[in-house]
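Okay, so here's the structure we're looking at.
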Amino acid sequence: MAPLPGAELVQRPLQLYRYLLRCCRQLPTKGIQEHYKHAVRQGFRVHSDEDNPERIQQIIKRAIEDADWIMNKYKKQN
C-alpha cells in the first residue's frame, strides 16, 4: 500500500520530491513534518549528481518504500 495515491506514477526525481513533500503534509504534527521535510531535502542534495538511470530508479523505489513505512508507522500511533 502506497502512502498517497500516485506513487506508481513517480518516474523522475522531481516527481519523487513533490510526492515525498506531499507525504510529509499528511504526518500528524508540525515538528514531525519539518523533520521529514528536512530529511527529504537533504536526501536530494546528496543524490543530486546521480546520473545513472538504473540507480535513480532504485533510489525512487526505495524512497517510496521508506515513505510507506513512515506513513504506516504514524498511522498506527494515532
Side-chain angles (χ1 to χ4, degrees):
M1 178 172 110
L4 284 178
E8 64 281 352
L9 301 175
V10 173
Q11 297 295 319
R12 297 183 327 211
L14 183 57
Q15 292 172 326
L16 176 65
Y17 184 74
R18 290 177 180 161
Y19 174 80
L20 293 175
L21 291 180
R22 283 193 302 271
C23 287
C24 288
R25 288 188 220 134
Q26 303 295 317
L27 295 171
T29 67
K30 195 70 168 168
I32 293 169
Q33 290 175 10
E34 291 302 316
H35 170 79
Y36 285 107
K37 281 182 189 178
H38 177 74
V40 168
R41 289 183 185 113
Q42 200 170 21
F44 272 80
R45 284 188 202 112
V46 168
H47 296 291
S48 65
D49 61 343
E50 189 65 58
D51 58 359
N52 180 346
E54 234 176 78
R55 177 69 178 132
I56 291 170
Q57 289 306 310
Q58 288 175 340
I59 293 168
I60 289 172
K61 183 177 182 282
R62 178 61 191 261
I64 291 172
E65 289 171 357
D66 290 348
D68 186 33
W69 183 86
I70 290 166
M71 297 298 284
N72 286 332
K73 172 185 168 184
Y74 286 104
K75 200 179 293 183
K76 288 177 186 175
Q77 288 180 357
N78 289 335

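Model, not experiment: these values are computed from the prediction. When a residue number appears, it is its place in the shown sequence, counting from 1. Both backbone and side-chain heavy atoms feed into the values below; hydrogens, waters and symmetry mates do not.
- Every residue two or more places apart in sequence or in another chain that forms a side chain to side chain contact (heavy atoms under 4.5 Å, CB included) with Ile70 is listed here: Leu27, Tyr36, Tyr74.
- Each salt bridge (charged side-chain N to carboxylate O under 4.0 Å, His left out) pair with one or both residues in residues 15-29, not counting sequence neighbours, would appear here, but there are none.
- The side-chain hydrogen bond (donor to acceptor under 3.5 Å, both in side chains) search around Arg62 returns Asp66, not counting sequence neighbours.
- Partners of Gln11 by side-chain hydrogen bond (donor to acceptor under 3.5 Å, both in side chains), not counting sequence neighbours: none found.
- For Lys61, the side-chain hydrogen bond (donor to acceptor under 3.5 Å, both in side chains) criterion is met by Glu65, not counting sequence neighbours.
- Residues Val40 and Cys24 share a closest heavy-atom pair of CG2-SG, 4.3 Å.
- Ile60 and Tyr19 fall within a single hydrophobic cluster, where Ile, Leu, Val, Met, Phe, Trp and Tyr are joined by side-chain heavy atoms under 4.5 Å apart, directly or via other members.
- Cluster annotation: Ile32 is connected to Trp69 through the hydrophobic network of ILVMFWY side chains, with a link wherever side-chain heavy atoms come within less than 4.5 Å.
- Using modelled atom types, no side-chain atom of Asp68 and backbone atom of Ile64 make a donor-acceptor pair closer than 3.5 Å.
- Listed here is the closest heavy atom pair of Pro13 and Ile56: CG-CG2, 3.9 Å.
- Applying the salt bridge (charged side-chain N to carboxylate O under 4.0 Å, His left out) definition to pairs two or more places apart or across chains, those involving residues 34-53 are Glu34-Lys37.
- With rounding to the nearest 0.5 Å, the separation of CG in Leu16 from CZ in Phe44 is 4.0 Å.
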